[in-house]
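Order of the sequence lines sets the chain letters (A, B, ...), proteins ahead of strands, with each chain counted from 1. Since the model is a prediction, treat every value here as computed from it, not as a measurement.
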Amino acid sequence: MAEVTLKNVSKSFKSTKAVIDMDLNIPDGAFVVLLGPTGAGKTTTLRLIAGLEQPDTGEIRIGGDRVNDLTPAQRDVAMVFQQYSLYPHMTVRENLAFPLKSPILKTSPDEIERKVKAVAEVLHIPHKLDNKATELSGGEMQRVSIGRALVRDPAIYLMDEPLSSLDAKLRADLRVELKRIQAELAATLLYVTHDQIEAMTMATHVGVLDEGRLVQFGTPREVYENPRTAYVAARLGQPRINLLPAGLFGGGHPPNAVQIGLRPEHIETGTGQPADIVRIERLGDQTRLHLKFAGHDVVTLTDPHTSLRPGETVAIAPKAPLYFDADGQSIT
Amino acid sequence: MSAHSITAATSRAKWVAGTLVILYAVITMIPLAWILMTGFKSPSDAISYPPKVVFEPTLEGYVNLFTTRTRQTEEFLAANPPENWADEIVRQYDMVIVGPSKFGERFLNSVIIGFGSTFLSIFLGTLAAYAFSRFRIPLADDLLFFILSTRMMPPIAVAIPIFLMYRELGLSDTHLGMILLYTAVNISLAVWLLKGFIDEIPREYEEAALIDGYTRFQAFYKVVLPQAATGIASTAIFCLIFAWNEYAFAVLLTSATAQTAPPFIPTIIGIGGLDWPAVAAGATIFLLPVMIFTILLRKHLLRGITFGAVRK
Ligand SMILES: Nc1ncnc2c1ncn2[C@@H]1O[C@H](COP(=O)(O)OP(=O)(O)OP(=O)(O)O)[C@@H](O)[C@H]1O
Ligand SMILES: [Mg+2]
């Protein structure tokens with residue numbers, strides 16, 4: 001396991017700037033989650049580290065050594081692809097053994113057998129080991145491709161939305177398993193996801209990408225509680241943060257504030273100004289209150305046994321909210 | 001059922017389609033069946049009019065194809081009884097077998113040149129197609145067009161320059177010369193077909209292999225080649241069929257050493273003209289390798305291409 005550093009790394013595809021001037025430091029043993037909307041450059045970042053793309057400028061270091069000129073094999077990274085790509089002409093067992101048989105690792109057959117078995121157990125696929133890779137469900141394929149990374153002990157694991165096509169239960173199980181394995185091996189992991197729970201529960205650090213730029217990097221709590229921009233604030237939190245005109249609740253905001261950011265915990269109900277209840281959405285684990293306040297939509301949470309009904313009004317007031325200036329920068 | 005349903009055919013439609021397919025198969029099979037039958041006819045049955053469909057089969061054509069024979073005096077024939085069944089067949093014309101014919105040699109030439117050029121076309125074609133498919137090559141589109149342009153006129157149009165060139169280079173009537181010539185003709189087809197197949201193979205497979213610790217070349221043969229097997233098999237069949245059946249260049253450029261079977265077979269002379277049963281026997285045997293090759297590779301042709309393991 002090793003520390004991975006990107007310094008001033010940029011990568012363009014023709015006119016598209018996929019990654020712009022990125023500085024990223026992934027400490028040894030860290031579990032870093034990259035967040036960002038589609039097209040933000042998450043996959044490209046992973047591919048740059050893996051050596052599948054060459055940066056236009058900048059430097060990539062793994063374990064302190066500059067790796068820009070090394071082949072993917074020499075970089076000693078393991079990657080789970082977003083398009084999980086099992087070798088279709090091989091069985092699950094052969095797929096899992098493939099990295100171990102490489103000329104670089106040259107593992108003994110006993111050792112291969114042992115590791116493949118162990119990984120198959122973790123991923124709940126031991127009964128599928130002799131299936132052809134094409135004879136699997138989407139979720140099984142995804143687990144095998146995670147397994148193909150986990151059989152190795154690389155400098156860094158790169159995982160591109162590895163749990164995206166699993167059902168909720170399996171996803172929760174594997175989330176715990178991945179975190180456990182990562183902690184046990186003290187593995188360094190760079191992980192892309194759109195899933196807020198994955199980001200918050202597994203990450204030691206979260207990096208938020210916006211059109212190729214790394215706009216914030218910190219612990220999940222830091223990024224959640226002190227987002228540097230309104231854009232970052234909107235990436236974490238469910239329901240999404242409410243971004244409203246700063247003066248909507250009257251004065252008292254910083255003079256240069258343009259937007260006020262309200263997460264559910266920033267909204268006090270029962271005091272303040274009246275808002276119309278449009279809809280109550282019961283999601284099981286949370287109950288969302290959709291409000292109309294001075295012509296703006298506001299979403300907050302409420303008690304599951306609430307007696308509120310659509311059509312009624314409820315008083316709301318901001319409580320220690322976030323403020324953003326004209327450029328969307330946070331004001332503290 | 002809606003008028004636009006394409007899932008279920010009516011039984012009437014199936015019946016019509018089945019009949020048409022069988023009819024087509026029968027029509028295309030008739031010449032082949034005729035050649036097969038003629039090979040087992042006696043020379044007089046072979047040229048009888050009206051043509052005989054029912055006849056007494058004989059191996060005379062095959063014996064004549066593989067042997068050279070000479071007429072002998074009655075004393076000699078009486079003194080030397082026939083040694084085997086083949087000898088017995090030729091005795092009816094007062095002849096004895098004196099040695100093998102050139103057919104075996106010509107056939108072997110066809111095998112060497114046909115399979116040799118097919119192998120070379122596929123080998124070079126796969127590497128070139130892979131490079132065109134995966135790497136950024138300067139002027140790639142122009143190069144591909146140039147490669148294709150070699151097929152924009154019939155190859156025989158350049159027969160005379162090639163004839164002169166081969167004579168200068170000492171490639172006339174050599175196996176190497178014919179292998180190179182057929183490879184040159186086939187390679188454009190091979191590159192284009194194979195590039196299409198390789199383009200269809202997702203890059204992620206090789207990229208995964210590169211990350212899994214393999215070199216580019218290892219990834220190519222461990223991951224890409226098995227995926228391209230279907231394409232390689234069908235391309236190989238096309239290349240072999242062309243090289244195997246090629247007649248015009250073979251007539252022009254080969255004679256004593258490297259002559260292939262196509263120019264040889266129609267020249268088999270029997271008593272009083274062409275020996276039709278022997279020609280038919282030669283044609284029958286000549287058909288076999290391509291047929292066997294195609295049947296062996298059929299599994300790959302029909303297997304379809306497996307893209308199931310990549311999430312699109
Ligand atoms: N090989 C390529 N050629 C051209 N453009 C590319 C290539 N790869 C990525 N891009 C572009 O670079 C940008 C970043 O792409 P990237 O795949 O890194 O996004 P992403 O954050 O992984 O998105 P998603 O969440 O949809 O997977 C996009 O605009 C994409 O169109
Ligand atoms: Mg991506």
Side-chain angles (χ1 to χ4, degrees), chain A residues 43 46-47 49-54 71-90 92 94-107 131-142 144-145 148-149 151-152 154 156-158 160-161 164-165, chain B residues 126 130-131 133-141 194 196-236 297-312:
Chain A
T43 300
L46 260 51
R47 291 173 59 88
I49 297 173
L52 297 173
E53 304 286 357
Q54 284 302 320
T71 64
Q74 292 166 330
R75 293 187 188 196
D76 188 26
V77 300
M79 182 155 166
V80 178
F81 285 77
Q82 189 171 10
Q83 258 87 37
Y84 43 87
S85 42
L86 304 183
Y87 309 118
H89 56 292
M90 298 183 194
V92 170
E94 288 164 341
N95 264 282
L96 292 175
F98 195 72
L100 298 173
K101 287 183 185 160
S102 79
I104 290 189
L105 291 185
K106 284 206 202 97
T107 320
N131 279 37
K132 265 275 169 67
T134 44
E135 302 165 350
L136 296 175
S137 75
E140 286 161 353
M141 287 183 194
Q142 199 160 34
V144 176
S145 71
R148 214 173 51 195
V151 291
R152 293 176 50 193
I156 183 170
Y157 291 105
L158 304 168
D160 203 346
E161 304 188 33
S164 62
S165 64
Chain B
T126 308
Y130 182 72
S133 173
R134 293 298 198 253
F135 301 120
R136 226 170 292 136
I137 296 174
L139 301 178
D141 289 346
L194 288 167
F197 283 108
I198 292 175
D199 282 344
E200 293 287 303
I201 302 171
R203 282 160 184 265
E204 278 94 350
Y205 292 144
E206 294 141 84
E207 292 179 342
L210 292 180
I211 290 177
D212 282 347
Y214 293 83
T215 64
R216 170 66 70 171
F217 189 72
Q218 288 163 335
F220 170 72
Y221 80 74
K222 277 184 194 287
V223 176
V224 179
L225 273 193
Q227 290 304 301
T230 305
I232 290 175
S234 43
T235 309
L297 295 185
R298 188 186 46 178
K299 181 170 72 94
H300 287 293
L301 292 183
L302 298 181
R303 195 194 56 187
I305 302 162
T306 48
F307 292 129
V310 159
R311 178 179 60 181
K312 294 268 175 181

Result of checking A:P154, A:P72, A:S102 against B:I211 for side chain to side chain contact (heavy atoms under 4.5 Å, CB included): A:P72

A:H89 side, atom NE2; B:K222 side, atom NZ - distance, nearest 0.5 Å: 9.0 Å

If you look at every heavy atom in [X] and [Y], which pair is closest and at what distance?
{"X": "A:F98", "Y": "B:V223", "result": "CZ-CG2, 4.0 Å"}
{"X": "A:K101", "Y": "B:Y214", "result": "C-OH, 3.4 Å"}
{"X": "A:Y87", "Y": "B:A209", "result": "OH-N, 3.1 Å"}

Listed by chain and number, what are the side-chain contact (heavy atoms from CB on, under 4.5 Å) partners of B:F217, not counting sequence neighbours? B:T215, B:F220, B:Y221

For A:Q54, give me all partners under side-chain contact (heavy atoms from CB on, under 4.5 Å), at least two apart in sequence or on another chain. A:R75

Considering only heavy atoms and a distance below 4.5 Å, find which of A:Q74, A:K132, A:R152 pairs most often with chain B. A:R152

Contact leader toward chain B among A:R47, A:M90, A:E135, where contacts are heavy-atom pairs under 4.5 Å: A:R47

Check each atom of A:L52 against the heavy atoms of chain B and say whether the ones under 4.5 Å are side chain, backbone, both or neither. side chain

